[in-house]
Amino acid sequence: QVQLVESGGGLVQAGGSLRLSCAASGRAFNSGGMAWFRQPPGKEREFVAAVSWRGRTTDYADSVKGRFTISKNDAQNTLYLQMNSLKHEDTAVYYCAAGAFSRRPESYGYWGQGTQVTVSS
């Protein structure tokens, strides 16, 4: 049973914008906070942004602060990541996670399959 499904990835020029979406099952969406992680080519998975269960608190990696915005729509069980001023180094597979409010990937019990974001320089 698929719990989290990401969409919205693609190819964009540096300086452009993309919005990622993560459609969640009710069970996953209500399991706790949610987050976005990413895995650049040849590197380990890294934290991008997290939002608390009630949506009142957010946390961002320094590398994306001021450029990315995480949000959630409780009525639609959907998590978003608005990405502006994209840089080549933002190129990665982006993953949605649910079940915690943490920078540690091992804290999350639910994961999506990932969506590729490629930023051309």
Side-chain angles (χ1 to χ4, degrees):
Q1 183 179 0
V2 178
Q3 305 279 2
L4 299 173
V5 179
E6 301 98 334
S7 61
L11 174 64
V12 63
Q13 288 187 335
S17 298
L18 280 176
R19 188 177 81 156
L20 304 183
S21 299
C22 174
S25 68
R27 181 175 182 176
F29 196 80
N30 292 304
S31 63
M34 299 184 73
W36 290 96
F37 288 80
R38 67 186 182 186
Q39 187 163 14
K43 297 184 179 181
E44 294 190 354
R45 193 169 298 191
E46 62 185 33
F47 170 76
V48 175
V51 60
S52 62
W53 181 53
R54 295 188 182 274
R56 295 174 181 172
T57 306
T58 56
D59 185 25
Y60 294 93
D62 288 344
S63 59
V64 307
K65 199 172 295 184
R67 300 188 297 121
F68 291 10
T69 302
I70 189 171
S71 62
K72 58 202 293 277
N73 184 320
D74 291 346
Q76 297 184 348
N77 284 5
T78 302
L79 177 73
Y80 300 101
L81 184 69
Q82 178 66 44
M83 305 186 294
N84 299 328
S85 301
L86 282 160
K87 305 175 181 180
H88 178 66
E89 51 264 42
D90 294 319
T91 295
V93 177
Y94 283 71
Y95 296 91
C96 170
F101 180 63
S102 171
R103 293 188 173 205
R104 301 171 58 200
E106 58 267 31
S107 299
Y108 294 84
Y110 297 93
W111 288 89
Q113 81 290 350
T115 186
Q116 177 70 46
V117 172
T118 302
V119 184
S120 62
S121 56

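Fair warning: this is a prediction, and the values are worked out from it, not measured in the lab. Quick note: residue numbers are just sequence positions, from 1.
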Search all heavy atoms of Val5 against all heavy atoms of Gln113 and return the closest pair with its distance. CA-OE1, 3.8 Å
Nearest-0.5 Å distance that lies between atom OG in Ser120 and atom CD in Gln13: 5.0 Å
Reported CG-to-CG distance for the pair Leu18 and Asp90, which is rounded to 0.5 angstrom: 10.0 Å
Could you tell me whether the side chain of Pro105 reaches within less than 4.5 Å of the side chain of Gln39, counting heavy atoms only? no
Identify the heavy atoms of Phe101 and Thr58 that sit nearest to each other, and give their distance. CZ-C, 4.1 Å
Okay, side chain of Thr57, backbone of Ser52: is any donor-acceptor separation there less than 3.5 Å? no
Answer yes if Val93 and Val12 sit in the same cluster of Ile, Leu, Val, Met, Phe, Trp and Tyr residues linked by side chain heavy atoms under 4.5 Å apart, and no otherwise. no
Derivation and outcome, side chain to side chain contact (heavy atoms under 4.5 Å, CB included), residues Trp53 and Asn30: CA-CA 7 Å; Trp53 181 53; Asn30 292 304; 3.9 Å; yes
I'd like to check Thr69 versus Tyr60 (side-chain heavy atoms, cut-off strictly below 4.5 Å). Are they in contact? yes
Among residues at least two apart in sequence or on other chains, which ones pass ring-ring contact (aromatic ring centres under 6.0 Å, His included) with Phe37? Phe47, Tyr108, Trp111
Carefully, step by step, assess Val48 and Tyr95 under the rule side chain to side chain contact (heavy atoms under 4.5 Å, CB included). CA-CA 10 Å; Val48 175; Tyr95 296 91; over 6 Å; no
Does any non-hydrogen side-chain atom of Val117 lie less than 4.5 Å from one of Met83? yes
Under the rule for salt bridge (charged side-chain N to carboxylate O under 4.0 Å, His left out), what residues qualify as partners of Lys65, not counting sequence neighbours? Asp62
Going by the salt bridge (Lys or Arg N to Asp or Glu O under 4.0 Å) test, which pairs reach into residues 106-120, not counting sequence neighbours? Arg104-Glu106
Taking salt bridge (charged side-chain N to carboxylate O under 4.0 Å, His left out) as the test, write out the residues that go with Asp59, two or more places apart. Arg103
Can you run down the ring pair (Phe, Tyr, Trp, His ring centres under 6.0 Å) pairs that involve residues 63-94, sequence neighbours left out, and say none if there aren't any? none
Evaluate the criterion side chain to side chain contact (heavy atoms under 4.5 Å, CB included) for residue pair Gln116 and Thr91; output intermediate values, then yes/no. CA-CA 8 Å; Gln116 177 70 46; Thr91 295; 4.1 Å; yes
Between the main-chain N or O of Gly114 and the side-chain N or O of Glu6, is there a donor-acceptor pair closer than 3.5 Å? yes
Atom of Phe29, atom of Leu79 and distance for their closest heavy-atom approach: CE1-N, 4.4 Å
Closest heavy-atom pair and its distance - Ser21, Thr78: CB-CG2, 4.3 Å
Shortest non-hydrogen contact between Ser121 and Ala14, atoms and distance: CA-CB, 4.3 Å
Would you call Arg38 and Val64 a side-chain contact if the rule is heavy atoms closer than 4.5 Å? yes
In Å, rounded to the nearest 0.5 Å, how long is the span from CG of Leu20 to CD of Gln82? 9.0 Å
Here the pair of heavy atoms bringing Cys96 nearest to Met34 is SG-CE, 3.9 Å
Using a distance-only test with no angle check, is there a side-chain donor-acceptor pair under 3.5 angstrom linking Arg27 and Tyr110? yes
Applying salt bridge (charged side-chain N to carboxylate O under 4.0 Å, His left out), name anything that partners Glu89, two or more places apart in sequence or on another chain. none
Taking the side chain as every heavy atom from C-beta outward, state whether Glu46 and Pro40 have any atom pair closer than 4.5 Å. yes
